[in-house]
2 protein chains.
Amino acid sequence: MLNYSTSEENYIKAIFHLQHTDGTVTTNELAAELKTKPASITDMMKKLKTKKLVHYQAYHGFRLSPDGKKVALGIIRRHRLWEYFLAEKLKFSWEEVHAVAEDLEHVSSKKLIDKLDEFLGFPRFDPHGDPIPDMHGRIETSRQVCLQDLPLNKPAVVSHVSDQSNEMLELLGHKKIGIGTRLEVKRKFNFDNSLEIKIRQQSPINISEQLSKNIFAKYDE
Amino acid sequence: MLNYSTSEENYIKAIFHLQHTDGTVTTNELAAELKTKPASITDMMKKLKTKKLVHYQAYHGFRLSPDGKKVALGIIRRHRLWEYFLAEKLKFSWEEVHAVAEDLEHVSSKKLIDKLDEFLGFPRFDPHGDPIPDMHGRIETSRQVCLQDLPLNKPAVVSHVSDQSNEMLELLGHKKIGIGTRLEVKRKFNFDNSLEIKIRQQSPINISEQLSKNIFAKYDE
DNA sequence: AAATATTTTTAGACAAACCTAAAAAATATT
DNA sequence: AATATTTTTTAGGTTTGTCTAAAAATATTT
C-alpha cells in the first residue's frame with residue numbers, strides 16, 4: 001500500500017468520520033472539522049480525486065472510494081491501537097490518549113502496527129469503546145452493550161430489550177424508549193447506579209439501574 | 001521547551017552526531033549525512049542560527065549552541081527509548097529498530113516519553129549499547145565494557161587493561177594495542193570466543209578470548 | 001603570490017499545504 | 001421565476017523545505 005502525507009491522512013480520516021452520519025460530505029463540513037478554510041478543502045479534494053481515494057464532483061460533495069476507505073481504516077487501526085497502548089500500558093488517562101494518538105497514528109510502518117497489535121494481545125476495542133480494525137481492515141461494525149456499560153456521551157441506538165413484560169414495556173413507553181431510539185448516557189450516579197440519559201431533541205431523563213440492565217444498545221457512529 | 005519541525009530535528013540530530021568526531025561541522029559533511037544538497041544546509045543553518053540553536057558564521061562551519069545540544073539530547077532520548085521499546089517489547093530485531101525509531105522520535109509529547117521511560121523501567125542503554133539521556137538531558141558519556149561485550153562494528157577506544165603482567169604487555173605490544181587505541185570488533189567466533197578486531201588503518205587481527213577478557217574499552221561516538 | 005580547484009553561499013524556482021478575496025454555482029426566499 | 005443568500009471554486013499569494021545554476025569565498029597547488 002502506498003504512503004500518504006500527514007495532511008492527506010487527516011483529510012481521509014475526517015471524511016470517514018463525517019460519512020458515518022451523512023452519506024456525502026460537504027466542503028464546509030470538512031473545513032469546520034479540520035479547522036481549515038473551504039478553499040483548502042477544494043484543493044485537497046482535487047488531489048485525493050486524482051489519487052482515486054475520493055469520489056468528488058465539483059459543487060456536489062464527496063465521499064471515500066473503496067480505496068479511500070481502506071486507507072481510512074488503516075489510520076483508524078493505528079490510532080486506536082496507540083490509544084489502547086497509552087491507556088493500558090503507559091497508564092494515560094482516558095481523556096489524554098486521543099491527542100497523543102493523533103501524532104502516533106501517522107507513523108505508518110505496517111510491521112510496527114502488527115507487532116504492536118500482537119504485543120497488546122489483539123485488543124478489539126479502544127479505551128473509548130470504539131472497535132479496532134484488524135490487520136486486513138475488518139472492523140466490528142457495532143456490538144451490543146448494556147446501557148450500564150455504555151461510555152458517557154457516546155451516541156448509541158437501542159437495539160434490544162431483554163425483559164418483554166407488560167410492566168417493562170409500560171415503563172419504556174412512558175420514557176419514550178424503544179428499539180431504534182438514539183440516546184447518550186450523560187451521567188452515572190454511583191449511589192444507586194441510576195443513569196441520566198439524553199434522547200435526541202428531548203430533555204434528559206433518569207432511569208434506574210434495574211431498567212438500564214435490560215436495555216441494550218449499539219454504538220452509533 | 002519549544003517545538004521543532006521534523007526537518008529541523010533531523011538537522012540538529014545530524015550535527016550532534018557529526019560533532020562527536022569533528023569539533024565543527026561543515027556544509028558538505030552535513031549535506032552528505034542528510035542526503036540533501038549543500039544549498040539546503042546553508043538555508044537551514046541560517047534558520048537555526050536565528051533560533052539560537054547553532055553557532056554559525058558563513059563559510060566557517062557550525063556547531064550546536066548549548067540550547068541546540070539540549071534539543072539534540074531530547075531527540076536522541078526519544079529515539080533510543082523507542083529503539084529499546086521496539087527490541088524489548090515488540091521483539092524487533094536489532095537491525096530493524098533504527099528505521100522505525102527515526103519516525104517515532106519526532107512525536108514530541110514530553111509526557112509520552114517520560115511515561116514510556118517509566119514503563120520500560122528506565123533503561124540506560126539502547127539495543128545498540130548507546131546510552132539513553134534521562135529526562136533532564138543527562139547522558140552517560142561512556143562506560144567501560146570488556147571487548148567481549150562490545151557490539152559488532154561499534155567504534156570504541158581502549159581505556160583499561162586489567163592484567164599488567166609482562167606476558168600480557170608483550171602480547172599487547174605485538175598486536176599494537178594500548179590505552180587510547182581505536183578499534184571495532186568485526187566478528188565473533190562462537191567456537192572459541194575469539195574476536196576479529198580492526199584497528200584504524202591496519203588490517204584486521206584476531207585475539208583470543210583470554211586476551212579480550214582483559215581489555216576494556218569505551219564507546220567512541 | 002598567482003592560478004586553480006574546492007567549498008559555500010546567493011539567487012531564483014518549485015511543490016505541498018495553507019491562506020484571502022473575488023467569481024461562479026447551487027440553494028433559498030419572496 | 002427572479003432575486004438574494006449561501007456554498008464552493010478559482011486565482012493568486014505565503015511559508016517551509018527542497019532544488020539547480022551561478023557567484024563568491026576559501027583552500028590548494030605550482
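In this structure, B/S40 does not reach the D/dT18 phosphate: none of its side-chain N or O atoms is under 4.0 Å from OP1 or OP2. Proximity of A/Y56 to the phosphate of D/dT9: a side-chain N or O atom is located under 4.0 Å from OP1 or OP2. Distances shorter than 4.0 Å separate some side-chain N or O of A/K46 from OP1 or OP2 on D/dT10. Contact annotation: B/T27 side-chain N/O to C/dT9 OP1/OP2 distance is under 4.0 Å. Not one side-chain nitrogen or oxygen of B/N28 sits closer than 4.0 Å to the OP1 or OP2 atom of C/dT6. Taking side-chain N and O atoms only, A/S7 has no distance below 4.0 Å to OP1 or OP2 of C/dA16.
Protein atom NE2 of A/H60 is 9 Å distant from nucleotide atom C1' of C/dA25, rounded to whole Å. Atom OH in B/Y59 sits about 13 Å away from atom P in D/dA23, given to the nearest Å. At whole-Å resolution of the value, CD1 in A/I41 and C1' in D/dT8 are 11 Å apart. What separates CD of B/Q57 from P of D/dA24 is a distance of 20 Å, to the nearest Å. For the pair A/K37 NZ and D/dT8 P, the computed distance is 15 Å after rounding to whole Å. When the P atom of D/dC19 is taken as reference, atom CG of B/L34 falls 10 Å away, rounded to whole Å. A straight line from CE of A/M45 to P of D/dT7 spans 18 Å, rounded to a whole angstrom. As rounded to whole Å, 20 Å separates atom P of C/dA15 from atom OH of A/Y4.
For the side-chain contact (heavy atoms from CB on, under 4.5 Å) test, residues two or more places apart in sequence or in another chain that qualify with A/H136 are A/D134, A/R138.
More than 12 heavy atoms of other shown residues, nucleotides or ligands fall within 6.0 angstrom of atom NZ in B/K89. Counted within 6.0 Å of NZ on B/K37, heavy atoms from surrounding residues, nucleotides or ligands total 12 or fewer; the atom is thus considered open. Applying the 6.0 Å contact sphere to NZ of B/K70 captures no more than 12 heavy atoms from other residues, nucleotides or ligands.
Closest to the side chain of B/M44, from the set C/dT8, D/dT18, C/dA26, is D/dT18. The side chain of B/A39 sits closest to C/dA11 out of D/dT26, C/dT20, C/dA11. The listed nucleotides are C/dT9, C/dA24, D/dC19; the one nearest the side chain of B/T36 is D/dC19. Side-chain atoms of A/D43 lie closest to C/dC18 of the nucleotides C/dT9, C/dC18, D/dT18.
Here the side chains of B/E105 and B/R80 are not in contact, with every heavy-atom distance at 4.5 Å or above.
At a threshold of 4.0 angstrom between heavy atoms, the contacts of B/F62 with the nucleic acid are absent.
Remark: B/K69 fails to qualify as a cation-pi partner of B/F16 under the 6.0 Å distance and 45° angle criteria applied to the six-membered ring.
For A/Y4 and A/Y11, the ring centers sit 6.0 Å or farther from each other.
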For residues 48-58 of chain B, which side-chain donor-acceptor pairs fall under 3.5 Å, sequence neighbours excluded?
| unit_1 | atom_1 | unit_2 | atom_2 | d |
| --- | --- | --- | --- | --- |
| B/K49 | NZ | B/Y56 | O | 3.0 |
| B/T50 | OG1 | B/K47 | O | 2.8 |
| B/K51 | NZ | B/E8 | OE2 | 2.7 |

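Comparing A/A58 and A/Y11 by the nucleotide of DNA chain C whose heavy atom lies nearest to each, the residue mapping closer to the 5' end is A/Y11.
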Symbol by symbol from the 5' end, with Watson-Crick or G-U pairs under 3.5 Å, [ ] crossing and | another strand, DNA chain C is ||||||||||||||||||||||||||||||
